[in-house]
There are 2 protein chains.
Amino acid sequence: MTNKDALKHYDVNQYRTPDGYTSDIAVFTITSEKTGVYKPPEMTLKLMLIKRSVKDAEDNPNIEAEKWALPGGFVETSETAFEAARRELEEETSVKDVHLKHFGVYDRPGRDPRGWIISNAHYAIVPEHDLTARKANDDAAEVKLFSLDELKTIALAFDHDTIIIDAIKMITSDLLQTTVAKAFLPKAFTYSELQAVLLTVTNDPAIASHQSFARKIKTLPFIQEVKGQTTSRTSKKPTQLYQFNDMEVVKPIYTARY
Amino acid sequence: MTNKDALKHYDVNQYRTPDGYTSDIAVFTITSEKTGVYKPPEMTLKLMLIKRSVKDAEDNPNIEAEKWALPGGFVETSETAFEAARRELEEETSVKDVHLKHFGVYDRPGRDPRGWIISNAHYAIVPEHDLTARKANDDAAEVKLFSLDELKTIALAFDHDTIIIDAIKMITSDLLQTTVAKAFLPKAFTYSELQAVLLTVTNDPAIASHQSFARKIKTLPFIQEVKGQTTSRTSKKPTQLYQFNDMEVVKPIYTARY
DNA sequence: ATTAACAAACAACAATTTGTTAATTGAAAG
DNA sequence: CTTTCAATTAACAAATTGTTGTTTGTTAAT
């Protein structure tokens, strides 16, 4: 094999190599504040952050201590950053099968005082009740959910402020332009539950109007009725359940209404 | 400063570090085949690839020789992968100010036989005439533009087949869902030129129909008429020129028509 | 000078979708 | 029995789209 010969001559150290490769995760959840029985919930999009502890696991002073940060950690040689994110998320929250998506790389020289460390950033969507089982580990003194407004007011470690801005931008456009909203919802949901999810990131009147949205959901090719299935979660009158099918759509901005 | 104390205890070598960090670029262009004078052009989306030479710059056997590959190279400590992409693209094609966007990271263990090498992938949009000035460098025996159909038939280096599939997916959805189309067009363009760009990645009837698209372009909030400016590039009758303004829009799939 | 050719622009009308307001339904709660 | 309320249905005007056909401005051939 000709690659073998070439490898003999290849010196892996002719370039300076990074000092580390980390995987960070912006964990989003939507908290549902029930406004009463037989009412649709009020939903708020929140981001989970951990407070970096004063001492690390070996009892040494911790870097960027007492600031809020995205959960994450070093990627191992045997895994991808995506797999590392899944592993770390399970260590942190004991949740498997979360929706996870890469959204950016952060590699600005000097972004981490420990050296040339590249961060591969992902966002995750975790249902609220799965986060209640979360627990702080050695490196994380505290875990807390922040609304997008609260985020503006706190001190963040490293360049996590930049990463978080990008994460919010990405989850916002994905919620509106893809079917990820399904990761926030039960398999079968009502039109008003879907609507509440979307309203956490938009105030588009065509989505905010009950009549328009209830009429529209019936015609969306990527959503279908669950025939004969209803629930009374959101109203006294039993209401139709819907589910996403596996269709993915891309709609041009050039054919939309303005 | 408390970070200083923490750094004394931080051992940069406690984790295995990557053997390299590269920046790869999927360079897209649209070739305009003029179908005649005073006619709108036929456009085709193409990807520029380089053929890896048998020997490298030091006259040693080259890795993945004679396969087609994305241009790219190692990121230096003093720069981001994005800056490296810009630098390499200028070295390769002598073009500055190209539209450039990150779209993925490739870090599967074993993807590169030289070691643990992480690729940060970008796509670039370069006007066709800027690519004519391109020249092969030491590492690149040959440079060629491939249509999306031709790409399926050739041997690609490393995991560049996967990277290219993702690049095409990304530029397709960006062309339709953002205003990047402007990077393929002159500052002022006709409705049929914009239409031709979009038709390289979609066959949506609302875009393909001349009447519908010509009527629609007047109502798009992110495009405006260049008052009183016309051209005869595409027809004998002088036709109105348009330009993108700086508005960015996000249109939900939930309010589109199906 | 007249005419053919042709993309762009415009017109017109039916079909469809949306915005809006109002009425109805079904079950819970008092 | 009545009230309450989210969901659903109805109805109609307003706006947008699909479609077909006509006009316009210019080039090029006769």
Side-chain angles (χ1 to χ4, degrees), chain A residues 32-43 188-197 199 202-221 223 225-242 251-258, chain B residues 32-43 188-197 199 202-221 223 225-242 251-258:
Chain A
S32 291
E33 288 136 57
K34 280 214 77 73
T35 54
V37 282
Y38 307 117
K39 276 184 187 299
E42 272 275 301
M43 297 189 179
F189 50 87
T190 71
Y191 88 93
S192 61
E193 288 170 336
L194 171 58
Q195 184 185 33
V197 169
L199 289 177
T202 187
N203 48 20
D204 188 319
I207 290 177
S209 153
H210 287 276
Q211 289 86 341
S212 291
F213 194 72
R215 180 168 51 187
K216 188 76 188 180
I217 197 174
K218 297 202 186 82
T219 72
L220 298 176
I223 289 181
E225 281 192 4
V226 188
K227 289 273 182 219
Q229 292 257 43
T230 58
T231 182
S232 294
R233 287 198 294 267
T234 62
S235 84
K236 294 163 189 168
K237 178 178 180 182
T239 177
Q240 179 62 50
L241 287 170
Y242 295 89
K251 272 289 162 183
I253 57 177
Y254 298 96
T255 60
R257 302 166 70 109
Y258 292 94
Chain B
S32 290
E33 288 136 57
K34 279 214 78 72
T35 53
V37 282
Y38 307 116
K39 275 185 188 301
E42 272 274 303
M43 296 188 179
F189 51 87
T190 71
Y191 88 91
S192 61
E193 288 170 337
L194 171 59
Q195 184 185 34
V197 168
L199 289 177
T202 186
N203 49 19
D204 188 318
I207 290 176
S209 152
H210 289 277
Q211 290 86 339
S212 290
F213 193 72
R215 181 169 49 187
K216 188 76 188 179
I217 196 174
K218 297 201 185 83
T219 72
L220 298 176
I223 288 180
E225 280 193 3
V226 189
K227 288 275 179 213
Q229 291 257 43
T230 58
T231 182
S232 293
R233 285 198 296 268
T234 62
S235 84
K236 294 164 188 168
K237 179 178 179 182
T239 177
Q240 180 61 50
L241 287 170
Y242 295 89
K251 272 290 162 182
I253 57 177
Y254 299 95
T255 60
R257 320 174 97 215
Y258 293 93

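Protein chains get the first letters and strands the later ones, always in sequence-line order, with residue 1 at the start of each. Nothing here was measured: the structure is a model prediction, and the numbers come from that model.
Rounded to an integer number of Å, the gap from Gln195(B) CD to dA9(C) P is 12 Å. If you take CZ of Phe213(B) and P of dG18(D), they are 13 Å apart, rounded to a whole angstrom. Rounding to whole angstrom units, NE2 of residue His210(B) and C1' of dT20(D) are separated by 15 Å.
Remark: Thr231(B) engages Thr190(B), Arg233(B), Thr239(B), Leu241(B) in a side-chain contact (heavy atoms from CB on, under 4.5 Å) (not counting sequence neighbours). Evaluation of the side-chain hydrogen bond (donor to acceptor under 3.5 Å, both in side chains) rule for Ser235(B) yields no partner, not counting sequence neighbours. Leu194(A) meets the side-chain contact (heavy atoms from CB on, under 4.5 Å) test with Ala181(A), Leu185(A), Phe189(A), Leu198(A), Phe213(A), Ile217(A), Ile223(A), Phe244(A), Tyr254(B); sequence neighbours excluded. Evaluation of the side-chain contact (heavy atoms from CB on, under 4.5 Å) rule for Lys216(B) yields Thr219(B), Leu220(B) as partners, not counting sequence neighbours. The side-chain hydrogen bond (donor to acceptor under 3.5 Å, both in side chains) check on Thr230(B) picks up nothing, with sequence neighbours excluded. Applying the side-chain hydrogen bond (donor to acceptor under 3.5 Å, both in side chains) criterion to Ser232(A), with sequence neighbours excluded, gives no partner residue. Listed by chain and residue number, Thr255(A), Asp204(B) satisfy the side-chain contact (heavy atoms from CB on, under 4.5 Å) test with Ala206(B) (two or more places apart in sequence, or in another chain).
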Short heteroatom pairs, N/O only, protein and nucleotides 24-30 of chain C, under 3.5 Å:
unit_1, atom_1, unit_2, atom_2, d
dT25(C), O2, Lys237(A), NZ, 3.2

So which protein nitrogen or oxygen atoms get under 3.5 Å of nucleotides 12-17 of chain D's nitrogens or oxygens?
unit_1, atom_1, unit_2, atom_2, d
dT17(D), OP1, Lys216(B), NZ, 2.7
dT17(D), OP2, Lys216(B), NZ, 3.4
dT17(D), O3', Arg257(B), NH1, 3.4

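With axes fitted over five pairs at each extremity, the angle between the ends of the helix from dA1(C)-dT30(D) to dG30(C)-dC1(D) is 0° (10° resolution).
Closest to the side chain of Thr239(A), from the set dT19(D), dA7(D), dT20(C), is dA7(D).
Regarding contacts with the backbone of dA8(C), a side-chain N or O of Thr234(B) is found under 4.0 angstrom from either OP1 or OP2.
Note on Gln240(A): only backbone sugar-phosphate atoms sit closer than 4.0 angstrom, heavy atoms only; bases stay farther off.
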